[in-house]
> 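Sharing a structure here in structure tokens format.
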There are 2 protein chains.
Amino acid sequence: MPSRPAAARKRPPAPDLPAEPTQAGRFEQARRVQSMALLEDYAELIADLHATGGEARPTDIARRLGVTHATAIKAITRLKREGLATARPYRGVFLTEEGERLAARVKARHLLVVEVLTAIGVPPDAAEQDAEGIEHHVSDITLQAFARFLKERK
Amino acid sequence: MPSRPAAARKRPPAPDLPAEPTQAGRFEQARRVQSMALLEDYAELIADLHATGGEARPTDIARRLGVTHATAIKAITRLKREGLATARPYRGVFLTEEGERLAARVKARHLLVVEVLTAIGVPPDAAEQDAEGIEHHVSDITLQAFARFLKERK
DNA sequence: AAAAAAGTGTAGCCTAGGCATCATATTCAT
DNA sequence: ATGAATATGATGCCTAGGCTACACTTTTTT
Ligand SMILES: [Mn+2]
Ligand SMILES: [Mn+2]
Ligand SMILES: [Mn+2]
Ligand SMILES: [Mn+2]
């Protein structure tokens, strides 16, 4: 059994280090944000399906998301549980007021993220791809900075 | 039972719409990327703990991530399974060569993302917070664009 | 050297989000 | 109008990633 240097163990509450307000807090927040990502994508997609003259049936949604309809139905169940959507069998899924608000916010954010990425020089396809994941982690403050950035650089 | 207009159902393969190469493909890729996020954060963190003169024991890792040690241990089990780390009880966790490579890539990406966000005008705290989630979705192509952007704007 | 403290690991429980499969319901085409 | 095709929803199974609780080991302190 190797001996372990006691010095390594002695680590007081990091008095001088770069402050580090709380790395743990950042990770926790990132996990909270991530837990909303799926709902956001569904809301955005359902609104889009309605907007482009169609219905948002589970099968439509599933196809657009690249999942099975069973998976989509379970997610829709969660949307309903969270008060974001309602559904009428064979008639499709409908966003509640709150769901519509979420969808609108998410869509605007998505567009802005793509705009910023392309403005920075990211090729359109990569921008669209990466935005699909990035969007969910862009806070309101960051979003405002994005808007300012686009306005100023015009 | 309300009648449903047959027209709504008639939706040919979207002949004129904005091309839309495959939204499903983008979502699938986003899900793949997300499944790596946890491993990336652990690898980055373990490397950081080692670099800053410490050990990377499950408890250290757990505290920094804001999870219980049991959760950390399960993630470490996955890291080992994926060939990214080894562990010696009461001695801590160690990255394999592959783990080190991953950690280095992830750290560089993290820094670059924060740099770009702040360059755009995002306040430091928000940049650090949002980067924790955004980083995992930044592809190599986007990363290159980020690097160019920073170089040119200097 | 014994006691206390800290760390580790295991087990059991939970939810989210995937999947395939099956039974049923609806819609469409003949 | 009826048979085929399609959509729906339920079930069961899986993995990831959280948690608490408990048992055990190691380290530190007295
Ligand atoms: Mn998305
Ligand atoms: Mn989106
Ligand atoms: Mn991260
Ligand atoms: Mn990071």
Side-chain angles (χ1 to χ4, degrees), chain A residues 1-12 24 27-42 49 54-82 84-93 136, chain B residues 1-12 24 27-42 49 54-82 84-93 136:
Chain A
M1 255 151 250
S3 68
R4 190 244 296 266
R9 211 69 304 295
K10 187 64 58 52
R11 205 165 350 147
F27 281 116
E28 285 162 15
Q29 177 66 14
R31 286 193 294 271
R32 269 190 295 275
V33 163
Q34 184 60 37
S35 78
M36 288 293 302
L38 191 94
L39 294 175
E40 293 181 346
D41 281 334
Y42 272 79
L49 285 167
E55 298 162 302
R57 293 168 307 152
T59 305
D60 302 327
I61 296 168
R63 184 176 40 246
R64 292 275 289 265
L65 287 170
V67 297
T68 64
H69 82 275
T71 295
I73 284 176
K74 283 218 285 192
I76 291 163
T77 299
R78 185 176 164 209
L79 283 173
K80 290 191 277 191
R81 170 162 38 92
E82 311 246 359
L84 295 169
T86 58
R88 308 204 321 276
Y90 296 88
R91 292 276 95 72
V93 183
H136 308 285
Chain B
M1 252 148 250
S3 69
R4 191 243 296 271
R9 209 72 303 297
K10 186 66 57 51
R11 204 162 355 144
F27 281 116
E28 285 163 14
Q29 177 66 13
R31 287 193 294 271
R32 269 190 294 276
V33 162
Q34 185 59 38
S35 79
M36 288 293 303
L38 191 94
L39 294 175
E40 292 181 347
D41 281 334
Y42 271 80
L49 285 167
E55 298 162 301
R57 293 167 306 151
T59 305
D60 301 328
I61 296 168
R63 184 175 39 245
R64 293 275 289 265
L65 287 171
V67 296
T68 65
H69 80 276
T71 295
I73 284 175
K74 282 218 285 194
I76 291 162
T77 300
R78 185 178 164 208
L79 283 172
K80 290 190 277 192
R81 171 161 40 91
E82 310 248 358
L84 295 169
T86 58
R88 308 205 318 277
Y90 296 90
R91 293 277 93 73
V93 182
H136 308 285

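All values reported here derive from a predicted model rather than from experimental measurement.
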> Grab the CZ-P distance between A:F27 and D:dG18 for me, whole Å please.
11 Å

> Nearest to the side chain of A:P89 - D:dT8, D:dG18, C:dG17?
D:dT8

> Are any non-hydrogen side-chain atoms of A:L65 and A:Y42 less than 4.5 angstrom apart?
yes

> Establish, with yes or no, whether the OP1 or OP2 oxygen of D:dG17 is under 4.0 angstrom from a side-chain nitrogen or oxygen of A:R31.
no

> In whole angstrom, give the distance that lies between atom CD1 of A:I61 and atom C1' of D:dT8.
12 Å

> Select one nucleotide: of C:dA20, C:dT8, C:dG17, the one nearest the side-chain heavy atoms of B:R57.
C:dT8

> Any idea which of C:dG7, D:dC13, D:dG18 is nearest the A:K74 side chain?
D:dC13

> Rounded off to whole Å, could you give me the NE2-to-C1' distance for the B:H69 and D:dG17 pair?
15 Å

> Measure from CD1 on A:I73 to P on D:dG12 and round the result to the nearest Å.
16 Å

> Are the side chains of B:R63 and B:D60 in touch, meaning some heavy atoms are under 4.5 Å apart?
yes

> Starting at CG of B:D60 and ending at C1' of C:dG7, how long is that distance when rounded to a whole Å?
10 Å

> Please classify the nucleic acid contact of B:A70 as base, sugar-phosphate, or nothing, using heavy-atom distances under 4.0 Å.
base

> Between P on C:dA16 and CD on B:Q34, what's the gap in Å once rounded to a whole number?
16 Å

> Out of D:dA7, C:dG9, C:dG18, which nucleotide sits closest to the side chain of A:T59?
D:dA7

> Hey, which of these two, A:A87 or B:E82, hits DNA chain D nearer its 5' end, going by closest nucleotide?
A:A87

> When rounded to the nearest 0.5 angstrom, what distance separates OG1 in A:T86 from CD1 in A:I76?
11.0 Å

> Confirm from the modelled atom types if B:Y90 and D:dT25 form a donor-acceptor pair under 3.5 Å, side chain to base only.
yes

> I need the B:L79 CG to B:L38 CG distance, nearest 0.5 Å.
7.5 Å

> What is the distance, to the nearest angstrom, from the CD1 atom on B:I76 to the P atom on C:dG7?
14 Å

> Hey, what do you get for CZ (A:R64) to CG (A:D41), rounding to the nearest 0.5 Å?
12.0 Å

> Rounded to whole Å, please give me the gap between CZ in A:R91 and P in D:dT6.
18 Å

> For DNA chain D, whose closest nucleotide is more 5', that of B:L38 or that of A:G92?
A:G92

> So, OP1 or OP2 of C:dG17: does either fall under 4.0 Å of a side-chain N or O from A:T71?
no

